[in-house]
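One structure below.
Each ligand, and each atom within it, is numbered from 1 in the order the structure gives. The shown structure was predicted, so the numbers you read here are calculated from the model rather than taken from an experiment.
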Amino acid sequence: MKILLQVPGRAVERWHAALAAELPDAEISVWPASPARPDYALVWKPPAEFFAAIHPTRAVFNLGAGVDALLAVATLPRDVPVVRLEDAGMAAQMVEYVTLAVLRAYREMDAYAEQQRNGAWRPRPQLPKSGFAIGILGLGVLGQAVASALRGLGFPVRGWTRKPKAVPQVEGFSGPGGLAAFLAGTRVLVCLLPSTRDTRGLLDRRALARLPQGAHVVNVARGEIVVDEDLLALLDSGHLAGAVLDVFRIEPLPPAHPFWHHPRIVVTPHVSAVTVVADSIAQVAAKIRRLEAGLPVSGIVDRTLGY
Ligand SMILES: NC(=O)c1ccc[n+]([C@@H]2O[C@H](COP(=O)([O-])OP(=O)(O)OC[C@H]3O[C@@H](n4cnc5c(N)ncnc54)[C@H](OP(=O)(O)O)[C@@H]3O)[C@@H](O)[C@H]2O)c1
């Protein structure tokens with residue numbers, strides 16, 4: 001079995017070692033030293049020339065959860081399935097990051113930080129949790145893990161999906177028709193949607209203005225889902241209380257971007273859930289073994305939907 005690995009940067013050595021340990025009988029090569037028709041390709045943000053030269057015959061594995069960058073490669077062959085990572089060590093990290101952002105909003109840490117700057121000792125009344133609903137855009141692998149953790153902390157949780165989806169103890173909303181009601185009852189909006197033609201620009205002024213006064217926004221999905229100027233306008237008008245942003249339209253976030261120095265925005269450099277080499281390779285290898293045995297695998301991307 002021929003496997004081709006394409007990972008930018010020096011991390012490729014760690015990926016290669018992990019893959020060789022999981023699949024000792026495989027013939028593994030590293031892009032650009034490549035067979036033209038490997039059985040499997042494992043890729044992360046491949047350049048356009050990659051698929052111009054390479055045509056995997058069995059499957060392309062995307063070494064991340066989001067496939068937007070891969071599907072944007074015009075040369076990606078149409079006749080081979082694309083398989084994405086599902087959790088693979090990312091859900092636990094996402095739970096930590098989002099929980100931190102939610103608790104920071106709920107426990108009003110920004111207000112206390114300001115009081116500290118003014119030397120003010122002023123306890124604030126505890127907010128009732130029952131009125132502090134967390135709204136999660138996208139109840140997929142990561143959204144459901146976050147929903148379950150926040151339920152465990154006692155927050156009411158609501159979720160928005162493309163198709164109606166029953167998730168225990170989560171109030172469900174779906175489709176474009178369900179978005180307004182979902183947003184209207186959300187105190188902290190957590191974006192865990194894929195970037196697709198349906199979600200890019202979704203969080204514009206109209207949508208964000210539907211959140212109640214004082215709501216917070218947490219974007220850990222993709223930058224292009226949010227319209228930057230509209231988010232800034234709603235923060236500046238006081239409609240929104242704060243935003244925690246891990247992902248941006250351009251990464252690294254350009255030095256002159258207003259997000260950097262905005263007093264009510266927290267910026268992190270796309271670190272909410274990083275790819276874990278060992279977990280990712282264990283998952284990919286397990287799927288390759290299933291495919292070789294003629295069995296179905298999960299995580300196959302629907303190219304029409306874009307996720
Ligand atoms: N910041 C980071 O470090 C980081 C790390 C990992 C992943 N991510 C991002 O997180 C995203 C989510 O990952 P995942 O593994 O949870 O994905 P997933 O399992 O594919 O879940 C996607 C969810 O979004 C919903 N959705 C998709 N299009 C929609 C639409 N048009 N309207 C309403 N709901 C829609 C889906 O609805 P259905 O349930 O109806 O299909 C599903 O619930 C990835 O695509 C990636 O961009 C970011």
Side-chain angles (χ1 to χ4, degrees), residues 44-45 61-72 82-101 135-150 157-168 170-183 186 189-204 207 217-226 243-249 251-253 266-277 279-280 283 297-307:
W44 182 239
K45 296 187 177 170
F61 285 91
N62 183 59
L63 297 176
V67 290
D68 42 309
L70 179 57
L71 297 189
V82 171
V83 188
R84 69 186 194 87
L85 289 183
E86 301 169 283
D87 181 355
M90 286 183 281
Q93 300 173 64
M94 207 49 109
V95 164
E96 290 168 1
Y97 187 100
V98 175
T99 302
L100 183 64
I136 305 176
L137 289 163
L139 288 175
V141 175
L142 301 178
Q144 286 191 48
V146 167
S148 156
L150 294 172
V157 176
R158 39 182 43 215
W160 187 66
T161 51
R162 195 175 53 79
K163 302 161 295 179
K165 193 170 202 170
V167 176
V170 175
E171 192 183 353
F173 299 80
S174 62
L179 187 60
F182 164 84
L183 293 169
T186 289
L189 180 69
V190 177
C191 181
L192 269 167
L193 290 168
S195 172
T196 69
R197 62 166 189 271
D198 293 331
T199 65
R200 286 188 271 276
L202 179 81
L203 297 180
D204 59 4
V217 172
V218 180
N219 188 12
V220 281
R222 285 293 183 264
E224 54 271 25
I225 298 170
V226 172
V244 174
L245 306 175
D246 185 49
V247 288
F248 305 93
R249 285 172 176 261
E251 297 183 359
L253 184 64
V266 172
V267 167
T268 54
H270 204 139
V271 291
S272 52
V274 299
T275 308
V276 183
V277 175
D279 297 36
S280 303
Q283 183 176 105
V297 297
S298 60
I300 294 185
V301 173
D302 182 325
R303 305 262 196 118
T304 320
L305 294 173
Y307 73 100

Inset, instruction - Would you tell me which option among Leu193, Leu305, Leu179 has the nearest heavy-atom contact to atom 26 (N) of ligand 1? - result: Leu193
Legend entry - Nearest neighbour in protein (non-hydrogen) for atom 43 (O) of ligand 1: Leu139 N, 3.0 Å
Inset, instruction - Using atom types as modelled and distance alone, determine if a side-chain donor or acceptor of Gln283 lies under 3.5 Å from a backbone N or O of Ser280. - result: no
Inset, instruction - Considering only non-hydrogen protein atoms, determine which one is nearest to atom 4 (C) of ligand 1 and report residue, atom name and distance to 0.1 Å. - result: Met94 CE, 3.6 Å
Inset, instruction - Kindly say whether Gly299 contributes a backbone atom to a donor-acceptor pair with the side chain of Arg84 at under 3.5 angstrom? - result: no
Inset, instruction - Could you say whether the N/O atoms of Gly138 and ligand 1 ever approach to under 3.5 Å? - result: no
Inset, instruction - Evaluate the side-chain contact (heavy atoms from CB on, under 4.5 Å) criterion for residues Val226 and Leu245: first the C-alpha distance (whole Å), next the side-chain angles of each, then the deciding distance (0.1 Å), finally the verdict. - result: CA-CA 10 Å; Val226 172; Leu245 306 175; 5.5 Å; no
Legend entry - Any N or O of Gly66 closer than 3.5 Å to N or O of ligand 1: no
Legend entry - Atoms of ligand 1, numbered as shown, that sit under 4.0 Å from any heavy atom of Asp246: 1 (N), 3 (O)
Legend entry - Numbered atoms of ligand 1 (with element) below 4.0 Å of Asp198, judged on heavy atoms: 31 (N)
Inset, instruction - Could you tell me the residue and atom name of the protein heavy atom closest to atom 45 (O) of ligand 1, and the distance to it rounded to 0.1 Å? - result: Pro194 CA, 3.3 Å
Inset, instruction - Check for a donor-acceptor pair, side chain of Trp160 on one end and backbone N or O of Ile136 on the other, with a separation under 3.5 Å. - result: no
Inset, instruction - Please report the C-alpha distance between Leu189 and Leu137 in whole Å, then the side-chain angles of each, then the deciding distance to 0.1 Å, and finally whether the side-chain contact (heavy atoms from CB on, under 4.5 Å) criterion is met. - result: CA-CA 7 Å; Leu189 180 69; Leu137 289 163; 3.7 Å; yes
Inset, instruction - Quick one: pull up CZ in Arg222 and NE2 in His270 and give me the separation to the nearest 0.5 Å. - result: 5.0 Å
Legend entry - Listed partners of Thr196 passing side chain to side chain contact (heavy atoms under 4.5 Å, CB included), at least two apart: Pro194, Asp198, Thr199, Tyr307
Inset, instruction - Please write down residue, atom name and distance for the protein heavy atom closest to atom 42 (C) of ligand 1. - result: Gly140 N, 3.8 Å
Legend entry - Val247, portion touching ligand 1 at heavy-atom distance under 4.0 Å: side chain
Inset, instruction - Look at atom 15 (O) of ligand 1 and find which of Arg84, Arg162, Arg197, His270 reaches it with the closest heavy atom. - result: Arg84
Legend entry - Contact check: Val220 vs ligand 1, nitrogen or oxygen atoms, below 3.5 angstrom: yes
Inset, instruction - Measure the distances from the heavy atoms of Glu86 to every atom of ligand 1 and state whether one is below 4.0 angstrom. - result: no
Legend entry - Minimum-distance protein heavy atom relative to atom 5 (C) of ligand 1: Ala273 O, 3.4 Å
Legend entry - Straight-line distance of Leu142 CG to Gln93 CD, nearest 0.5 Å: 10.0 Å
Legend entry - Ser272 heavy atom under 4.0 Å from ligand 1: yes
Inset, instruction - Please could you name the atoms of ligand 1 that Leu192 approaches to less than 4.0 Å, counting only its heavy atoms? - result: 10 (O), 12 (C)
Legend entry - Interfacing atoms of ligand 1 (cut-off 4.0 Å, heavy-atom, Ala221): 9 (C), 47 (O), 48 (C)
Inset, instruction - From the options Val301, Val146, Leu142, select the one whose nearest heavy atom is closest to atom 13 (O) of ligand 1. - result: Leu142
Legend entry - Pair Glu86, Ser298: side-chain N/O donor-acceptor within cut-off below 3.5 Å: yes
Inset, instruction - Please identify which atoms of ligand 1 are closer than 4.0 Å to at least one heavy atom of Lys163. - result: 40 (O), 41 (O)
Legend entry - Spacing of CG belonging to Leu85 relative to CH2 belonging to Trp44, to within rounding of 0.5 Å: 8.5 Å
Inset, instruction - Show which atoms of ligand 1 fall inside a sub-4.0 Å distance from at least one heavy-atom site of Trp160. - result: 32 (N), 33 (C)
Inset, instruction - Go through ligand 1 atom by atom and flag the ones less than 4.0 Å from a non-hydrogen atom of Lys165. - result: 39 (O), 43 (O)
Inset, instruction - Taking only heavy atoms of Met90 into account, list the atoms of ligand 1 that are under 4.0 Å away from them. - result: 6 (C)
Inset, instruction - Nearest 0.5 Å please: distance from the NZ atom of Lys165 over to the CG atom of Leu139. - result: 6.5 Å
Inset, instruction - Take every heavy atom of Gln93, measure it against each atom of ligand 1, and state whether any distance is under 4.0 Å. - result: no
Legend entry - Distance, nearest 0.5 Å, that separates CE of Met90 from OG of Ser272: 10.0 Å
Legend entry - Inter-residue atom distance Asn219.CG - Asp246.CG, 0.5 Å rounding: 8.0 Å
Legend entry - Results of side chain to side chain contact (heavy atoms under 4.5 Å, CB included) for Ser148 - residues two or more places apart only: none
Legend entry - Under 3.5 Å: donor-acceptor pair, side chain of Arg200, backbone of Gly223: no
Legend entry - Contact partition for Arg222 relative to ligand 1, non-hydrogen atoms under 4.0 Å: side chain
Legend entry - Shortest protein heavy-atom distance from atom 41 (O) of ligand 1, along with the residue and atom involved: Tyr307 OH, 2.6 Å
